Amino acid sequence: MVTWKPDPSFYPSPRMAMKAAPETLAYVVAFDPARAVPDELAVVDVDPKSPSYGQIVNTLAMPNVGDELHHFGWNACSSCLCPNAPHPHAERRYLVVPGLKSSRIHIIDTKPDGRNPSIVKVIEPGEVAERTGYSRPHTVHCGPEGIYVAALGNAEGKAPGGVFLMDHETFEVRGQWEMDRGPQQLSYDVWWHLGHDTLVTSEWGTPDTFENGLVPEILLGAKYGRRLHFWDLHKRKHLQTIDFGDKYQLLFELRPAHDPTKAYGFVNCVLSLEDLSSSIWVWHRDGEKWGVTKVIDIPAEPADADQLPPMLKGFNAVPPLVTDIDLSMDDRFLYVSCWGTGDLHQYDVSDPFKPKLTGKVRIGGIVSRASHPGAKNGALNGGPQMVEISRDGRRVYFTNSLYGAIDEQFYPDGVSGWMVKLDAQPDGGIAFDEKFYVEWPKSHRPHQVRLQGGDCSSDSYCYP
């Protein structure tokens, strides 16, 4: 008899995942803001021993133009080992890559040669809409029951957005996840506490409110997302809404603790309408309910109006615009991307309610335009955006483009793409790897990074 074994990149616990071998490849989605040529999946060599270290070694073009590749994920991960819905013989092999603008979903095979991925299936937007009632797939997470996809709009691009499921092996679109959505209308990210039967969703806005850029009237009117929603994971029913108040706008990335015994997580609020600051909040158990506590405030920086884009001239300040966060596998360090000021912060969150700033680098930024030791010019634009951490927590990668139409609002001369890497010390502290600076081809801008074998925002675990 053939002995079936789980995928070697699956680990029962985050502690074991931290002992995995270092990644040698990174996969990065990149889009053409002009929509003149197809978007691409880039393969980047991240093996320091390789002669092509820090270089794009291959690209895979999508079959159409104008997808706006954004967030993507693996078909299967360590959650396949969970006892409530086990399928340990699934394989982490395929990348599920949606187009946020087109609603088209690409299934990309990374085997047998990780440097030469291939497209094996394309799911057209009509099929997604017919089977789920949704459009604009945004976040992809492999989970116990299959592939969970958060979508930002209904079939017509209006509210409600929500979550749908795909089969992790056949990639059949199964259908809408929610049985009872309660008051939830807006969508953005989705993740969960597997050990507490809880799913969490955050909010951005409907496609008509961001696809041509942020709408100032909607932003200043506090009509973008400002709520967290908590759900019964298995009954698929809405349980609770927490409204952060009309002062706060754009609740984005959800980063629950990796240890499944811990019932807390972090979420970033991009903007305070009161003072242009960004903030980090912890959600946590509060008796029989869930509560939230603000634990980090990052203020705006004063700036001369002449240095600011039209959207900010009247404020005389650069907002930090925290647009992504990521949590190390041991739940110790939180990384915070300040896309506006150009900072990447590292906080020790061993006590999630008392974060301590332990590291900081600056690159790009609306005003600062800070450079990198490996860059050929001295004024970089864009800023730290999508951030990803290696499983052992020693390497941090990030790129600099947020979203095509929004890039131009804050960086009117366009965003010239780059990807960099930080080396992280075990007890805190970060520094640029001077040998790793990927200057992106001018035709495309890089967005999310996925690491070969998994990373700190790809997997969830059922054992501590």
Side-chain angles (χ1 to χ4, degrees), residues 5-26 46 73-92 141-144 148 191-200 233 253-267 282-285 325-336 346-356 358-359 387-397 421-430 449-464:
K5 296 181 179 180
D7 187 305
S9 72
F10 294 170
Y11 293 91
S13 70
R15 290 182 300 106
M16 296 180 70
M18 289 183 66
K19 299 176 182 178
E23 67 284 351
T24 60
L25 296 174
V46 296
W74 292 103
N75 67 306
C77 64
S78 298
S79 63
C80 289
L81 303 181
C82 287
N84 54 314
H87 35 264
H89 308 304
E91 185 179 16
R92 188 199 306 267
H141 274 311
C142 38
Y148 292 68
W191 220 349
W192 40 67
H193 292 290
L194 295 175
H196 301 269
D197 295 336
T198 299
L199 182 139
V200 188
L233 178 60
E253 307 296 338
L254 302 171
R255 302 294 181 230
H258 294 93
D259 182 339
T261 67
K262 298 176 180 177
Y264 71 83
F266 298 90
V267 62
V282 174
W283 75 78
H284 52 86
R285 294 299 296 176
I325 58 175
D326 205 3
L327 182 63
S328 64
M329 194 71 75
D330 59 2
D331 297 327
R332 182 173 178 186
F333 292 107
L334 184 73
Y335 291 86
V336 176
Q346 178 201 57
Y347 294 91
D348 186 329
V349 290
S350 301
D351 180 344
F353 296 98
K354 296 180 180 178
K356 298 175 182 177
T358 50
V387 56
E388 197 47 76
I389 311 166
S390 64
R391 287 170 291 184
D392 63 4
R394 300 301 300 274
R395 296 166 301 285
V396 182
Y397 305 87
K421 173 196 161 198
L422 306 179
D423 293 317
Q425 298 303 312
D427 292 318
I430 48 177
V449 179
R450 284 284 174 219
L451 302 181
Q452 183 186 40
D455 47 56
C456 286
S457 71
S458 62
D459 288 42
S460 48
Y461 306 87
C462 279
Y463 303 95

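Keep in mind that what you see is a predicted model, and the values were worked out from it rather than measured. The figures here come from the full heavy-atom set of this structure, side chains too, leaving out hydrogens, waters and symmetry mates.
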Inset, instruction - Take the SG atom of Cys462, take the SG atom of Cys82, and say whether they are under 2.5 Å apart. - result: yes

Inset, instruction - Calculate, to the nearest 0.5 Å, the distance between atoms CG and OG belonging to Asp455 and Ser328 respectively. - result: 13.0 Å

Nearest non-hydrogen partners of [X] and [Y], listed with the distance:
X      : Y      : value
Phe333 : Asp330 : N-OD1, 4.3 Å
Leu233 : Leu199 : CD1-CD1, 3.8 Å
Trp191 : Pro256 : CE3-CD, 3.1 Å
Ser458 : Cys142 : O-SG, 3.5 Å
Ser9   : Gly453 : CB-O, 3.6 Å
His87  : Gly143 : NE2-O, 3.9 Å

Could you work out, with salt bridge (charged side-chain N to carboxylate O under 4.0 Å, His left out) as the rule, every residue matching [X], not counting sequence neighbours?
X      : result
Arg332 : Asp348, Asp427
Asp351 : none
Asp197 : none

Contact check, side chains of [X] and [Y], non-hydrogen atoms, under 4.5 Å:
X      : Y      : answer
Asp7   : Cys80  : no
Lys421 : Val46  : no
Lys262 : Pro352 : no
Gln425 : Arg394 : yes
Thr24  : Pro22  : no
Tyr463 : Met16  : no
Lys356 : Ser350 : no
Ile430 : Tyr335 : yes

Legend entry - Contact list for residues 13-23, test side-chain hydrogen bond (donor to acceptor under 3.5 Å, both in side chains), sequence neighbours left out: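 For residues 13-23: Glu23-Arg395, Glu23-Tyr397.
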
Inset, instruction - Please assess Ile389 against Met329 for the test side chain to side chain contact (heavy atoms under 4.5 Å, CB included), listing each intermediate value before the final yes or no. - result: CA-CA 8 Å; Ile389 311 166; Met329 194 71 75; over 6 Å; no

Do the side chain of [X] and the main chain of [Y] share a donor and acceptor less than 3.5 angstrom apart?
X      : Y      : answer
Gln346 : Gly428 : no
Ser460 : Ser79  : no
Asp331 : Asp259 : yes

Legend entry - His196: side chain to side chain contact (heavy atoms under 4.5 Å, CB included) partners, not counting sequence neighbours: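 Testing His196 for side chain to side chain contact (heavy atoms under 4.5 Å, CB included), a comparison that skips the adjacent residues, returns His193, Thr198, Ala263.
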
Inset, instruction - State which residues pass side chain to side chain contact (heavy atoms under 4.5 Å, CB included) with Pro8; sequence neighbours excluded, sorted by chain then number. - result: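 Pro8 satisfies side chain to side chain contact (heavy atoms under 4.5 Å, CB included) with no other residue.
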
Inset, instruction - Mind telling me whether Tyr264 and Phe266 have parallel, tilted or perpendicular rings, with 30° and 60° as the class edges? - result: perpendicular

Inset, instruction - Please lay out, stage by stage, how Cys456 and His258 fare under the test side chain to side chain contact (heavy atoms under 4.5 Å, CB included). - result: CA-CA 8 Å; Cys456 286; His258 294 93; 4.3 Å; yes

Inset, instruction - For a side chain to side chain contact (heavy atoms under 4.5 Å, CB included) with Val387, tell me which candidate from Ile325, Asp326, Leu422 qualifies. - result: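 Option passing the side chain to side chain contact (heavy atoms under 4.5 Å, CB included) with Val387: Asp326.
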
Inset, instruction - Before accepting this row, confirm whether a basic side-chain N of the pair Asp459/Arg391 lies closer than 4.0 Å to the acidic partner's carboxylate O. - result: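 No, no charged N to carboxylate O under 4.0 Å.
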
